[in-house]
There are 2 protein chains.
Amino acid sequence: MVTVDGMALGKDYVTQECSIARALEVVGERWTLLVIRDALYGVRRYNDFLVHLGIPRAVLAARLQTLTAEGILDKRRYQESPPRDEYVITDRGIALWPTLRSLGLWGREHFGETQLRSFRHIACDTELGTYGECPACGTAVPVQDVVMVPGPGLHPDPADPISRILLKPKRLLEPIEQPAAADPV
Amino acid sequence: MVTVDGMALGKDYVTQECSIARALEVVGERWTLLVIRDALYGVRRYNDFLVHLGIPRAVLAARLQTLTAEGILDKRRYQESPPRDEYVITDRGIALWPTLRSLGLWGREHFGETQLRSFRHIACDTELGTYGECPACGTAVPVQDVVMVPGPGLHPDPADPISRILLKPKRLLEPIEQPAAADPV
DNA sequence: TGAGCTGATTCAATGAATGAACCTAGGATG
DNA sequence: CATCCTAGGTTCATTCATTGAATCAGCTCA
């Protein structure tokens with residue numbers, strides 16, 4: 001009885017009359033924002049989230065279910081046989097980009113040594129500002145017009161395949177390319 | 001031995017090479033962002049956080065300690081006899097305002113029925129944009145130039161005294177006025 | 001037939017959150 | 001001087017969530 005009925009769970013910030021509290025009821029649990037970050041990076045499959053995040057399977061399953069129920073991810077079938085589903089970020093999830101961008105920038109400015117990734121406006125190759133806007137163009141940049149470019153601080157040879165794919169510049173939202181039935185040496 | 005030594009605790013997003021993960025190690029625990037929100041609203045005292053948040057005492061004590069250790073709050077003595085301390089938000093904490101603003105806006109847009117609070121640029125009385133900028137002036141608004149104005153959705157007669165104080169428009173960062181040794185009726 | 005892949009669920013052990021009770025120091029009251 | 005009050009905590013038993021290992025189910029492929 002793991003329950004699907006309602007409960008955003010894990011909290012009752014309930015007494016709080018505050019949109020921030022409301023938001024945190026939905027995305028404030030451990031791992032949740034990292035799942036959404038990965039979804040913005042183009043991760044869509046259970047296994048890809050699993051290896052990239054290093055999250056316990058049970059927790060991942062629970063988070064994907066909640067996020068789907070809240071309309072932040074959309075669970076859709078991408079092949080019939082064998083039946084396989086993927087979790088694709090929705091507009092509601094994409095709308096969290098400014099939050100994640102500013103949170104990441106804060107983390108980098110206050111706790112990061114070297115730059116790990118740069119997010120740039122694809123049209124003019126300018127690093128985005130605090131909330132994801134383009135300082136050069138002076139406009140908000142739609143998430144699909146953002147490229148994530150690896151920075152110097154990144155480990156050059158990560159263990160999991162998703163991190164390895166993310167070593168190359170990549171547009172946000174664009175799905176992770178699935179390794180074509182590897183054929184290693 | 002509750003430990004003061006190091007551990008940001010609660011997680012090891014450790015494997016994640018990501019500024020967002022780094023940030024969440026610091027502010028990603030339950031209650032933490034709400035404590036910071038309150039600190040931006042001008043809450044400074046243990047008891048005020050306690051009654052306004054409805055947070056368990058032990059958790060509040062732990063969060064205040066961590067946030068102080070991380071340089072987000074500054075614990076300072078405000079009277080000697082009897083000795084009393086208050087927790088004042090630092091620049092590092094203030095730098096989380098764009099994150100909280102965008103998170104709150106997301107919560108309101110996607111899960112709020114009515115507007116609870118409006119945040120406005122004090123100079124021109126314009127509601128702030130996604131990350132706390134002023135759409136009218138086209139500039140980033142320093143947090144101390146923001147007024148929080150209660151909206152129609154707010155409960156008119158809240159139980160705790162801090163919520164009651166926050167029923168009136170109030171500048172961010174400005175300390176909560178302490179009730180002058182009440183003298184009711 | 002069996003080995004492998006994807007997407008999970010179950011379970012025992014651990015670790016945090018909760019809420020009530022208690023503690024402490026310094027006033028203030030009578 | 002005894003008592004009460006306040007601010008700011010700590011302690012503790014219970015509950016709840018997270019963890020990581022093991023297992024499972026449906027399907028394909030050789």
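Naming convention: chains lettered A, B, ... in sequence-line order (proteins, then strands); numbering from 1 in each chain. Side chains are part of it too, since the values below use all heavy atoms of this structure and drop only hydrogens, waters and symmetry mates.
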Asker: In terms of side-chain geometry, is the basic nitrogen of Arg44(A) or Glu177(A) positioned less than 4.0 Å from the acidic oxygen of its partner?
Answerer: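 The answer is no: the pair does not qualify as a salt bridge.
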Asker: Looking at dC27(D), dA22(D), dT19(D), which one has an atom nearest to any side-chain atom of Ser81(A)?
Answerer: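 The answer is dC27(D).
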Asker: Does Trp31(A) make a side-chain N or O approach to OP1 or OP2 of dT19(D) shorter than 4.0 Å?
Answerer: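 Indeed, a polar side-chain atom of Trp31(A) lies that close.
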Asker: Rounded to whole angstrom units, what separation is found between the CZ atom of Arg77(A) and the C1' atom of dA8(C)?
Answerer: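 It works out to 13 Å between those atoms.
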Asker: With respect to the phosphate group of dG8(D), does any side-chain polar atom (N or O) of Lys75(B) fall under 4.0 Å of OP1 or OP2?
Answerer: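 False: Lys75(B) side-chain N/O out of range (4.0 Å or more) of dG8(D) OP1/OP2.
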Asker: Using only side-chain N and O atoms of Tyr46(B), determine if any of them is under 4.0 Å from OP1 or OP2 of dT10(D).
Answerer: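 No.
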Asker: According to a strict under-4.0 Å criterion, is Arg63(B) in side-chain N/O contact with OP1 or OP2 of dA17(C)?
Answerer: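 Looking at the OP1 and OP2 atoms of dA17(C), one of them is under 4.0 Å from a side-chain N or O of Arg63(B).
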Asker: Figure out the CG/C1' separation between Asn47(A) and dG4(C), and round it to whole Å.
Answerer: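 Distance check: Asn47(A) CG to dG4(C) C1' gives 12 Å.
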Asker: Choosing from dA7(D), dG19(C), dT19(D), which nucleotide comes nearest the side chain of Ala58(B)?
Answerer: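 The answer is dG19(C), which lies nearest to the side chain.
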Asker: Closest heavy-atom contact between Ala39(B) and Phe49(B)?
Answerer: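 In this case the closest contact between Ala39(B) and Phe49(B) is N-CE2, 3.9 Å.
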Asker: Would you indicate what Phe49(A) reaches in the nucleic acid, counting non-hydrogen atoms under 4.0 angstrom: base, sugar-phosphate, or nothing?
Answerer: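 Phe49(A): no heavy atom of the nucleic acid under 4.0 Å.
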Asker: On DNA chain D, does the nearest nucleotide to Ile55(A) precede the nearest nucleotide to Pro83(A) from the 5' side, or the other way round? Give the residue.
Answerer: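 Going by which nucleotide is closer to the 5' end, it is Ile55(A).
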Asker: Would you tell me if any nitrogen or oxygen in the side chain of Tyr78(A) comes within less than 4.0 Å of OP1 or OP2 on dT6(C)?
Answerer: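 Result: no.
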Asker: Using whole Å, report how far CG of Leu60(B) lies from P of dG8(D).
Answerer: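 Atom-to-atom, Leu60(B) to dG8(D), this comes out as 10 Å.
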Asker: Starting from P on dG7(C), measure out to OH on Tyr87(A) and report it in whole angstrom.
Answerer: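 Those two atoms, OH and P, are 8 Å apart.
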Asker: Between dT11(D), dT9(C), dC27(D), spot the one nearest the side chain of Pro82(A), thanks.
Answerer: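 Closest nucleotide to the Pro82(A) side chain: dC27(D).
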Asker: Starting from P on dA8(C), measure out to CD on Gln65(A) and report it in whole angstrom.
Answerer: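 After rounding, the reported distance stands at 9 Å.
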Asker: A cation-pi test, strictly: NZ or CZ of Arg101(A) under 6.0 Å from the centre of the six-membered ring of Tyr131(B) and no more than 45 degrees from its axis. Yes or no?
Answerer: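 Negative - Arg101(A) is either too far from the ring of Tyr131(B) or too far off its axis.
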Asker: Counting heavy atoms from C-beta on, name the nucleotide in dT6(C), dT19(D), dT28(D) closest to the side chain of Arg30(A).
Answerer: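 Nearest to the side-chain atoms of Arg30(A), counting from C-beta on, is dT19(D).
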Asker: Where the side chain of Val59(B) is concerned, which of dT6(C), dT18(C), dG9(D) is the nearest nucleotide?
Answerer: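 Ranking dT6(C), dT18(C), dG9(D) by closest atom to the Val59(B) side chain puts dT18(C) first.
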Asker: Is the distance between the ring centroids of Trp97(B) and Phe119(B) under 6.0 Å?
Answerer: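 Distance test on ring centres: under 6.0 Å, yes.
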Asker: For Arg57(B) and dT11(D), is the shortest distance between a side-chain N/O and OP1 or OP2 below 4.0 Å?
Answerer: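 For dT11(D), OP1/OP2 do not have a side-chain N/O of Arg57(B) under 4.0 Å.
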Asker: Tell me the closest heavy-atom pair linking Cys134(A) and Cys124(A), and the distance in Å.
Answerer: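 For Cys134(A) versus Cys124(A), the nearest heavy atoms are SG-SG, 3.5 Å.
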Asker: Using heavy atoms to find the nearest nucleotide of DNA chain D for Glu80(A) and Pro56(A) separately, return the residue whose nucleotide is more 5′.
Answerer: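 Checking each residue's closest nucleotide, the 5'-ward one belongs to Pro56(A).
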Asker: Nearest whole angstrom, please: distance from the P of dG7(C) to the CG of Leu53(A).
Answerer: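 It is 15 Å, rounded to the nearest whole Å.
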Asker: Within this structure, what is the CG-to-C1' distance between Leu50(B) and dT10(D), rounded to whole angstrom?
Answerer: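 Taking atom C1' of dT10(D) as the reference, CG of Leu50(B) is at 14 Å.
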